[in-house]
Amino acid sequence: MSTRNTSNDSARPSYLNAAAGTVELWSQTLIPTTREAPGDAKMPSHIFLARAGYVRQVGAGIYNYLPLAWRSLKKISAIVRDEMDRAGASEMLMPALMPIELYKDTKRDVDYGDLLFTLEDRHGRKTALGPTHEEVITDLMCGALTSYKQFPLNLYQIQTKFRDEARPRAGLLRCREFIMKDAYSFHIELEGDAGLNAAYDKMYQAYTNIFTRCGLDFSAVEAEAGPIGGSASHEFMVNCESGEDTILVCLESGYAANVEKAEIGERVWSFDVAATSKIEKHHTPNMPGIEGVAEHLGLNASRMLKSIVMRTVEEEPRWVVAVVRGDHEVNEAKVRDAVGVGVALAPEGEAKTAGFVIGYVSPRIADTVEVVLVVDPDALGEGAWATGADEKDHHITGFNWSRDMESHIAKDRIKVADIRHAHAGDPSPRAKGAILEERRGIEVGHIFKLGTKYSQAMGLSVLDQNQKKQDVIMGCYGIGVSRTLSACVEMSHDDNGIIWPAAIAPYHVQIIVIKPKAEGVMAAAHTLAQELAARGMDVLIDDRDDRPGSKFKDADLVGMPVRFIISPKTIEADSVEFKARRSDGRAEMIDRADAIESALVALGS
RNA sequence: CAGGGUGUAGCUCAGCUUGGUAGAGCGUCUGGUUUGGGACCAGAAGGUCGCAGGUUCAAAUCCUGUCUCCCUGACCA
């Protein structure tokens with residue numbers, strides 16, 4: 001089973017076993033295929049994994065992995081282990097069960113909220129099922145890391161994780177219990193061979209190797225690092241139309257980013273646009289939303305300003321008003337970067353007390369309330385805007401930045417920055433004149449530069465060579481192993497079933513035996529299977545005494561890359577029928593002597 | 001968390017409006033005829049209709065409560 005040591009055997013491709021492959025009989029394992037899919041299964045990966053007998057649901061977001069699924073999962077894990085080990089990481093295993101106190105220092109018992117599965121033991125102690133292991137490993141390191149000389153260090157595990165998702169869905173794609181590889185690296189510095197940046201780059205390369213070896217069509221994209229700020233983060237996305245995540249790409253420069261993170265290229269803007277009309281006030285009862293007002297005023301939403309009231313997350317919070325064009329959405333992370341400190345949507349009650357008329361706020365609120373005003377470039381450049389009147393049930397038209405905000409502009413109190421969500425058609429941030437295009441993907445890997453977030457919170461520090469106490473710098477690197485399985489099906493299937501890449505197919509080859517009770521047929525199948533296995537291929541023999549049609553259908557469903565058919569006819573002709581799952585049409589007769597070579601060629605392509 | 005649905009045989013579902021003690025297809029088992037893209041005939045097994053309570057002579061069906069699972073959204077290091 002192991003794919004290690006492949007470097008010692010240059011003749012054998014990495015998708016094959018280094019040692020002999022396994023041979024198993026369909027009749028002696030459990031592959032409960034069904035003609036019909038569960039009524040609620042919508043996504044191909046869910047439908048086919050269920051119909052082909054890979055998984056059966058136990059509860060919401062909880063699944064049995066039957067023998068075929070488990071074989072694939074083990075192959076994915078083996079590739080992950082191989083690449084992680086090559087990259088210098090060491091495998092270990094942390095517990096799934098942990099005292100909730102571990103989460104107190106980092107406040108994730110609160111921040112993670114309901115996502116954390118919690119339970120009580122017989123003594124009434126609060127306990128959690130691990131959703132990820134930053135706290136556990138940081139706690140471990142507090143007692144185990146004693147010298148800077150131990151750096152760099154990279155530890156990983158492959159383990160079942162638990163997250164109480166608000167809404168599990170789409171089969172294995174969003175589960176409450178799932179298999180994940182999580183790795184954590186430790187450093188005393190950012191730069192240099194032993195630094196975080198080098199480890200991050202190594203992991204980036206390892207992930208690229210892993211998903212390439214798994215046979216996936218994927219993209220590495222820039223991602224939002226969350227409240228850590230400033231640190232880099234990349235997601236590895238399987239390219240696929242049905243994916244939950246939206247990514248934006250610039251084909252010219254190769255820039256690719258999650259839509260949550262994507263920067264927008266340079267836009268021309270100026271405050272200095274002459275007013276084209278006077279301010280007029282309009283009665284707009286019960287219309288706090290942009291769409292209602294636009295319709296009422298007979299305007300397009302893009303002629304309006306959307307002003308969102310936020311507050312900084314610091315000792316003495318400041319009010320922030322983020323202004324974007326009416327048809328755009330404010331990106332909280334971008335506002336955070338523009339302001340330089342974390343921000344959050346303002347609690348409505350407190351904002352009202354401070355003088356904001358939520359739903360009817362305009363940039364002019366800066367005249368009466370002390371605010372940090374941040375404006376997106378697309379919300380400038382017109383002579384007349386419609387916006388709130390800072391008065392309940394009223395909006396104004398004819399708002400002009402240079403005329404109506406003159407004093408603020410003069411004092412340089414308005415910050416212009418990219419603070420909105422990007423979308424398809426926006427200018428590329430990396431190539432002049434190019435535009436961003438939209439793609440969909442399924443996140444299967446995510447790497448982070450954590451920095452000192454956890455080490456600071458939990459007191460993980462060591463003395464450096466100058467005997468100075470330093471917070472340990474960390475990185476963390478995750479792969480959704482079980483999600484990779486379903487993402488692969490989502491990416492690679494046809495109307496009849498799954499089409500596995502050779503490297504993670506449960507078996508490389510399926511031999512369909514027709515009339516298995518006829519003399520010599522099963523023996524011929526076994527002989528072929530042994531020859532294939534000797535060359536490193538895993539073989540499944542469909543030995544069921546069933547009609548050919550249903551066996552062909554099942555073979556399409558379960559999706560092994562190479563199929564042989566053996567029957568009294570083929571034995572008579574000293575031939576065998578051969579078909580690659582990927583190819584259209586029927587099987588073709590080939591000489592028995594060419595069977596092994598044909599399989600190897602098909603698997604390699 | 002909000003809104004909407006759902007739960008009946010191993011699987012996919014009908015029956016519920018209008019109460020009378022449970023059905024189909026697929027699958028499984030037996031026998032026979034078959035055997036190259038989910039065969040046919042005959043027979044058989046298999047369900048306390050999610051759970052608890054209520055109404056009624058009688059409840060899968062009506063009422064109340066509760067749980068499950070699903071969908072849309074919010075949420076998703």
Side-chain angles (χ1 to χ4, degrees), chain A residues 30 32-43 46-47 50-53 56-63 103 106-116 130-135 161-171 173-176 178 180 182 184 223-229 231 233 235 244-245 258 260 333 345 442-443 445-451 453-454 474-480 483 495-497 512-518 521 542 544-557 563 565-570 577 579 584-589:
Chain A
L30 178 67
T33 59
T34 62
R35 200 185 292 233
E36 280 164 301
D40 44 53
K42 290 281 174 292
M43 301 190 74
H46 189 191
I47 292 170
R51 280 193 57 205
R56 281 284 169 97
Q57 187 171 12
V58 175
I62 309 172
Y63 286 83
Y103 284 85
T106 54
K107 297 203 186 74
R108 284 218 297 182
D109 54 335
V110 178
D111 290 353
Y112 231 83
D114 295 335
L115 211 55
L116 196 63
T132 173
H133 281 61
E134 284 83 0
E135 282 83 358
K161 295 285 193 275
F162 301 87
R163 291 184 195 177
D164 197 359
E165 293 285 350
R167 190 145 98 76
R169 67 187 100 181
L173 283 174
R174 181 157 230 92
C175 279
R176 295 196 297 169
F178 58 97
M180 179 171 166
D182 47 327
Y184 306 89
E224 183 49 51
I228 300 150
S231 300
S233 171
E235 287 169 328
E244 274 190 313
D245 291 287
N258 193 304
E260 297 160 5
L345 211 57
I442 299 169
E443 178 189 352
H446 201 160
I447 58 179
F448 288 89
K449 292 183 183 176
L450 286 179
K453 177 179 176 176
Y454 292 91
M474 294 170 58
C476 81
Y477 318 93
I479 289 180
R483 183 184 274 183
D495 291 346
N496 297 315
I512 296 179
V513 182
I514 291 177
K515 295 190 181 168
K517 285 179 175 166
V521 180
D542 184 354
R544 293 173 300 169
D545 186 16
D546 216 337
R547 295 172 64 82
S550 60
K551 298 177 79 164
F552 295 149
K553 286 287 188 192
D554 273 350
D556 285 342
L557 253 187
R563 176 186 314 172
I565 301 163
I566 287 189
S567 67
K569 259 192 283 182
T570 64
E577 282 173 90
K579 181 180 182 300
D584 293 328
R586 300 287 167 98
E588 55 173 326
M589 286 282 228

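Order of the sequence lines sets the chain letters (A, B, ...), proteins ahead of strands, with each chain counted from 1.
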Exam field: side chain A/Lys551 to backbone A/Ile512, donor-acceptor pair closer than 3.5 Å: no

Euclidean distance for C1', B/G15 against B/U61 (whole angstrom): 9 Å

B/C69: pairing nucleotide in any strand, Watson-Crick or G-U under 3.5 angstrom: B/G5

C1' spacing across the pair B/U30 / B/G23, given as an integer number of angstrom: 23 Å

Base-contact (B) and sugar-phosphate-only (S) positions in nucleotides 67-72 of chain B, heavy-atom cut-off under 4.0 Å, - elsewhere: --SSBB

Side-chain heavy-atom pair A/Arg544, A/Ser550 within 4.5 angstrom cut-off: no

Nucleotide forming a Watson-Crick or wobble pair with B/U12, both distances under 3.5 Å: B/A24

Test log, rule side-chain contact (heavy atoms from CB on, under 4.5 Å), inputs A/Glu244 and A/Leu173: CA-CA 9 Å; A/Glu244 274 190 313; A/Leu173 283 174; 5.7 Å; no

Sugar-phosphate only, base, or nothing, as touched by A/Arg544 at under 4.0 Å among non-hydrogen atoms: nothing

Proximity to the side chain of A/Glu36 - top-ranked nucleotide from B/A77, B/G37, B/G25: B/G25

Gap between atoms CD and C1', on A/Glu134 and B/A77 respectively (whole Å): 6 Å

Heavy-atom check, side chain of A/Thr33 versus side chain of A/Arg51, under 4.5 Å: no

Exam field: side chain A/Arg176 to backbone A/Arg163, donor-acceptor pair closer than 3.5 Å: no

Gap in Å between the two C1' atoms, one belonging to B/G7 and one to B/U48, rounded: 16 Å

Atom-pair distance (CZ on A/Arg35; C1' on B/U28), nearest Å: 14 Å

Atom C1', compared across B/U12 and B/U17: separation rounded to whole Å: 24 Å

Touch class at under 4.0 angstrom, heavy-atom based, for A/Ala37 against every strand present: sugar-phosphate

Sugar-phosphate, base or nothing in reach of A/Pro38, heavy atoms under 4.0 Å: sugar-phosphate

Any A/Thr570 side-chain heavy atom under 4.5 Å of A/Ile565 side chain: no

Who pairs with B/C75 - Watson-Crick or G-U, where each distance is under 3.5 Å: none

Residue A/Glu577, side-chain atoms from C-beta onward, closest of B/G36, B/G38, B/C11: B/G36

Complementary nucleotide of B/G31, counting Watson-Crick and G-U pairs under 3.5 Å: B/C41

Protein-nucleotide distance (A/Ile566, atom CD1; B/G36, atom P), rounded to Å: 18 Å

Nearest to side-chain heavy atoms of A/Arg163, which nucleotide of B/G37, B/G38, B/A77: B/A77

Protein-nucleotide distance (A/Ile565, atom CD1; B/G37, atom P), rounded to Å: 11 Å

Spacing between A/Arg547 atom CZ and B/C40 atom P, to the nearest angstrom: 9 Å

Side-chain donor/acceptor contact of A/Ser567 with base of B/G36 under 3.5 Å: yes

Note, A/Asp182 side chain near A/Glu134 side chain (heavy atom, < 4.5 Å): no

Sidechain-backbone polar pair: A/Gln57 side chain, A/Gly59 backbone, donor-acceptor under 3.5 Å: yes

B/G3 versus B/C67 - spacing of their P atoms, nearest Å: 15 Å

Value in whole Å for how far the C1' atom of B/G37 lies from CG of A/Asp554: 11 Å

Gap in Å between the two P atoms, one belonging to B/G47 and one to B/G65, rounded: 32 Å

Of A/Phe178 and A/Asp556, the one whose closest RNA chain B nucleotide lies more 5': A/Asp556

Span that lies between the C1' atom of B/C16 and that of B/C63, in whole angstrom: 14 Å

Residue whose nearest RNA chain B nucleotide is more 5′ - A/Lys515 or A/Thr33: A/Lys515

Rounded distance in Å - CG (A/Leu30) to P (B/C11): 14 Å

Touch class at under 4.0 angstrom, heavy-atom based, for A/Leu557 against every strand present: base

Minimum-distance pair of heavy atoms, taken over all atoms of A/Pro516 and A/Asp545: CG-CA, 3.9 Å

Residue A/Arg563, side-chain atoms from C-beta onward, closest of B/G37, B/G38, B/U35: B/G37

A/Arg51 CZ - B/C26 C1' separation (whole Å): 12 Å

Watson-Crick or G-U wobble partner of B/U55, both distances under 3.5 Å: none

A/Glu443 vs A/Arg483, side-chain contact (heavy atoms from CB on, under 4.5 Å): CA-CA, chis, key distance, verdict: CA-CA 8 Å; A/Glu443 178 189 352; A/Arg483 183 184 274 183; 3.9 Å; yes

Between B/C51 and B/C71 - P atom distance, rounded Å: 24 Å

